[in-house]
Structures are given as structure tokens and as C-alpha cells.
Engineer: 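Structure incoming, see below.
When a ligand or atom number is given, it counts from 1 through the structure's own listing order.
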Amino acid sequence: MHFHVLTLFPEMVSQGLSESILGRAARKGCIGLETVNIRDYTENKHKKVDDYPYGGGAGMLMQAQPVYDACAAVKERIAIRRAEERAAGTEDVSPALFEAGEMLRASGAADEKADVPRLRVIYVTPQGTVFTQQMAEELAREEDLIFLCGHYEGIDERVLEEIVTDYVSIGDYVLTGGELPAMVMIDSISRMVPGVLKNEESAETESFQNGLLEYPQYTRPELWKNRPVPPILLSGDHTRVEKWRLEQSMERTRQRRPELYEAYTRKDRAVSYLSRDRLSHMDMLEVIRRGQAEVVRAEESGVLLYDVPSGAWMLSASDEDMGERLLSEIPREEKDLLFAVHQDFLRDSIARRFHRNLVSECFQAVYTRKRPPVCTATFVIRPLVPQDVDAVHESYHAVHSREYLLERIRAGEMFGIDADGRLAAFAGMHDEGSMGMLEVLPACRRRGMGEALEAFLITRQLEKGWVPFCQVFDGNEPSLRLQKKLGLKLAPGRLYWIS
Ligand code: ADE
């Protein structure tokens, strides 16, 4: 993970992050920190970076030019570093590729330099979305993060529109500048980066990991100011200790942070409804498990989720009344509404309410085993690069747009096999997490390429502790046969994607 901080006070950030765990992580090379002085990029001969706001008002604003140029310079350096890493073959690759005895060759990747990668530029501002543990976990998956720290009264809006991808606040109070908030976020994101924390510092059981506050902890002496350590902690009975700790966490959260407690039990309620038919609901269970969905409503007889990466509303209800109640929670003004629903009455209601009628009917197939499938055919599987997008777009005839395919490639979620000097087969992961987009050129079929690709995707997901699943369009018999061969189980219920 490489952090890049655009600031007027670089020492404040570099010194603030040079000690303790983050200092150690930087020295070990687990994280990299680049601080960039915005003032170095001003074209003003007096090194000025601020000016009065048009229309009057108190204070000064940071000007667009130095901020823009500082950011452009960072992006350029990132692109060069990535190209060099690719050329040297030192970029991160999934160990699964090697374990499967396959060789990863990111052909063509080295001349991708001109194609600047999709980079997150985070403007830290009290006007942003409030930073959470979930956001830290999500941001920790990026390879590079650029933070923009404001000062004075703010920054010229035009440069923000031009470069910023995320507006993030650390809370509802105002600080004198963005450096402390950026440092807070960097600290919390770094803890999620593999290798940063030692085992004993592991983030596993701490506050917020499962949406609950941490249980109380005690150390020697056993009796202090007449206060004994709770006897159960001295019992040596691990199961009872774990149970006690969970109860304490729940009770503490209920008392101190009732809104977190409500959200925690909502997730529990959702999982309990969805688990009544796990195969049919694996899409919804997995977006919850993978921490990418918000549980908007969870009732005895229905669940409504909002999946953040795909922007899809996911619904299941056991009766029409509940279905209507869940649907009434969805804001109508959003223009690109996308739904994944599990009952045909929901499909019909959505068509009526939201005037949507582009429906794909699917069967869900789930890989329920813990071990990867055994696949006899071995091929060289490589990640796709943006130059592959046209080949993919031409041969993949399902509903997806070229932009979507390009986004999936850039996200590092599309893989392919070459034959006779061209892309012969490909597959990937959709933004909500299902495996899909599998296609083998007609001339290359029946050689096991589709099977190898899907086995590869399954292995990759199992390594992350996920349950792999895919959604097969109604009528796609070859795909259904493949799912059966690889050992996936078909869900009894249907699933409808509505856009
Ligand atoms: N800049 C000033 N106050 C801030 C806050 N609360 N969060 C993020 N950036 C800020």
C-alpha cells in the first residue's frame, strides 16, 4: 500500500507517521508514504498558493493550479512505478496461479503506462462522508491512495471537481486543516494491510471488527482497589470466556452505542432470514459477509440490502406485503436503479413501481466445498489488461457495456487464456461478487478453458474465505453443465436482475 499526501505541511505528516507501528511498517516496506508539498508546484513566483474568494467572504482559498499539478505529478510517478514493477515482475499476483502450476504472464501490461490507472483521490473535508471501519477495510484493498489536505477556508471547487473521487470527513467537527484527518485515516487503513500488525496486535477481535465494541480487558493484579478480575477469565475455559466476551461486547455496544447495536442485530436478523434458503440467497449472504453491503431492512419475513460496489438493491421477501414494504424504502429519484430480487412478485412490483422491465432470469449456482475443484487441464491464465477490452466486448454478448468490462479489467477482476496469439477465453468477477462473464471463442471450445478459468476464480475466492457463486442465465445449458461438473450446487429458487 502506497500513501501519497498532498499538503502544505509535509513534515507534519511524515513526522507524525514515522513512529511506532506505522514507522515499523514503513521500514519493513509494508506501506509507503510520500508527502508532497503543494507549494512546490505553484507557478506563482512568490510561491503563493492561495487567494481571496470571488464574491467576497472571510479567509483565503487554495488555488486550483498548484493542487492540480501536484496531483498530476503524483499520478505520473505512480504510473511509472507500476509499469516498472510490472516489467520487473514484482507486482502482487495471486499465489493461486502458481499453486495451480500455472504461469502468470501479464503480456502487454508493460506498455500500459500511458493508460493512467484508476486512482482514488480522497479530499479530507468536514463536508465528506464520515469515515468508518468498513471504509478503512475497503480502502485498504487499493494499491495507492492519494490524500488531499485542505487549508485556509478550502480549495477552489473546480480542481476538486477535476481530481477528487472521494470526499471523506473524520467526524462532525472542524479542524484547522486536513493533515490530522489524513493521518487518522492512514493509521486506520494501514492496520488492515497484511504484514503491518504482528499476530499479537491482530485486528481480528477488536472494536468494530464485527460491528461491536470491544469487551472489557484485565491484567495483573487479580485484585486492585478491592476490585477483582471477573472470575470466568481465570477459569481457563476458553469456550465460556469467548461466550462471556461476546455478551459483554453486545451489552456494552447496546448501552454506549445503541445505533451500532441496532445495525449489528439487523445484520444478524438478515442472516437468519437468508439462511433459511442459503443456496438461493448466497448472493445476499456473501455481500454481507464480504462487508460490501448495507443491511437497510431486516425483518422476520424479508430483507433489503444495498450493495455498495454495484449500486444494486437486493431483496428477498416471503410474502407480497413485506415485498411492498421493502420496496417503499428505496428512493425513487435515483436514476440508475438496479435490482436483484428473489421472487417473481417482487419482479412484477418493481416493473410497476419503477417502470423497469429489462429482466434477466437466472439460476444461482454455489460452490459449497472448502477445497478448490480439481481441474486436469492447465493453461496459462493471465489478468486482462485494458487493451483486451475490445476483444472481450466483441465476443461477450450478454448485456454488459464496454465501460463496465473496462472497469472490471481495471479492478483486476478479469482473467483470460491466449491461444494462437489472441485472447481465446476469459472470465471474471462482477462488481457485486458473483463469478461470470465466461466466454470461450467457438474455435477454442471443448478444450477445458472455461473449466480452468472458473476453477481459477473459485480458488481465488476460497483463498479470501468467501463462498464462490455464479448466476447462470435461464437457458444457458453449457454453463449449467459446467457448474455441475465443477461441483457447484444449483439453488432451488430463481433470481431476477432488473435494470
Ligand atoms: N478538515 C477539517 N476538519 C475536518 C474533518 N472533521 N474531517 C476531515 N477533514 C477535515
Side-chain angles (χ1 to χ4, degrees), residues 1-19 22 31 33-42 48-55 57-71 74-75 119-142 144-193 207-208 213 256-257 259-260 263 294 308:
M1 163 66 80
H2 301 265
F3 298 105
H4 313 264
V5 185
L6 309 175
T7 165
L8 290 173
F9 301 98
E11 282 87 27
M12 183 175 172
V13 179
S14 52
Q15 286 173 7
L17 297 175
S18 65
E19 300 283 336
L22 294 203
I31 57 170
L33 175 67
E34 178 195 25
T35 52
V36 180
N37 193 340
I38 297 172
R39 203 177 291 282
D40 291 345
Y41 290 85
T42 180
K48 222 165 86 74
V49 289
D50 59 334
D51 214 326
Y52 295 100
Y54 281 113
M60 306 285 267
L61 284 185
M62 281 168 71
Q63 292 171 291
Q65 176 274 319
V67 172
Y68 184 81
D69 287 353
C71 186
V74 167
K75 287 183 174 175
L119 288 165
R120 305 277 285 266
V121 179
I122 300 166
Y123 178 40
V124 285
T125 163
Q127 297 181 22
T129 314
V130 178
F131 188 64
T132 58
Q133 184 65 29
Q134 192 177 345
M135 214 188 274
E137 279 160 33
E138 192 236 320
L139 290 172
R141 291 186 214 123
E142 298 286 329
D144 290 88
L145 287 173
I146 304 175
F147 287 88
L148 171 59
C149 305
H151 252 272
Y152 311 117
E153 286 306 302
I155 302 183
D156 188 311
E157 191 66 22
R158 292 166 297 180
V159 70
L160 300 178
E161 285 169 7
E162 193 73 31
I163 64 173
V164 172
T165 57
D166 302 77
Y167 294 77
V168 187
S169 164
I170 59 161
D172 290 336
Y173 41 84
V174 182
L175 301 166
T176 53
E179 285 74 17
L180 284 172
M183 287 157 73
V184 165
M185 290 183 216
I186 290 172
D187 186 292
S188 132
I189 295 164
S190 299
R191 304 174 66 251
M192 301 292 130
V193 173
S207 294
F208 298 117
L213 300 182
R256 296 185 187 176
R257 298 291 302 276
E259 79 292 0
L260 286 184
E294 225 177 278
V308 177

Engineer: Short question: side chain of Thr42, backbone of Lys48 - any donor-acceptor pair under 3.5 Å?
Structural biologist: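 A pair under 3.5 Å: yes.
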Engineer: So, do Gln63 and Asp156 sit near enough that their side-chain heavy atoms are less than 4.5 Å apart?
Structural biologist: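 Gln63 vs Asp156: side chains apart.
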Engineer: Looking at ligand 1, is there an atom of it that comes within less than 4.0 Å of some heavy atom belonging to Gly177?
Structural biologist: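 Yes, Gly177 has a heavy atom closer than 4.0 Å to ligand 1.
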Engineer: Measuring from Met192:CE to Gln133:CD, what's the distance to the nearest 0.5 Å?
Structural biologist: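 It is 4.0 Å, given to the nearest 0.5 Å.
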Engineer: Taking the minimum heavy-atom distance to atom 5 (C) of ligand 1, which of Phe147, Tyr173, Phe131 ranks first?
Structural biologist: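 The option holding the nearest heavy atom is Tyr173.
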Engineer: Check Thr125 against ligand 1 and report side chain, backbone, both or neither, counting heavy atoms closer than 4.0 Å.
Structural biologist: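 Backbone only.
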Engineer: Output yes when the distance from some N or O of ligand 1 to some N or O of Ile170 is under 3.5 Å, and no in every other case.
Structural biologist: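 Between Ile170 and ligand 1 (N or O atoms, distance only) the closest approach is under 3.5 Å.
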Engineer: What are the atoms of ligand 1, with element, lying closer than 4.0 Å to any heavy atom of Val124?
Structural biologist: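 In order of number, 8 (C), 9 (N).
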Engineer: Restricting to pairs with a member in residues 160-175, which pass side-chain hydrogen bond (donor to acceptor under 3.5 Å, both in side chains), not counting sequence neighbours?
Structural biologist: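 For residues 160-175: Arg120-Asp166.
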Engineer: Counting both backbone and side chain atoms, is some N or O of Gly171 under 3.5 Å from an N or O of ligand 1?
Structural biologist: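 N/O-N/O distance under 3.5 Å: yes.
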Engineer: For atom 4 (C) of ligand 1, state which one of Gly154, Cys149, Pro126 supplies the nearest heavy atom.
Structural biologist: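 That would be Pro126.
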Engineer: Could you tell me which non-hydrogen atom of Ile38 sits nearest to which non-hydrogen atom of Leu6, and how far apart they are?
Structural biologist: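 Looking at all heavy atoms of both residues, the shortest contact is CD1-C, 3.7 Å.
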Engineer: Which bit of Pro181 gets closer than 4.0 Å to ligand 1, counting heavy atoms only: side chain, backbone, both or neither?
Structural biologist: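 Only the side chain of Pro181 comes within reach of ligand 1.
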Engineer: So do Val184 and Val124 actually touch side chain to side chain, heavy atoms under 4.5 Å?
Structural biologist: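 Result no, sub-4.5 Å side-chain heavy-atom pair not found.
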Engineer: Where is the nearest protein heavy atom to atom 3 (N) of ligand 1: which residue, which atom, and how far?
Structural biologist: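 I find the closest protein heavy atom is Leu175 N, 3.0 Å.
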Engineer: Do Ile163 and Leu148 have side chains that get closer than 4.5 Å, going by heavy atoms?
Structural biologist: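 Answer yes - side chains close enough.
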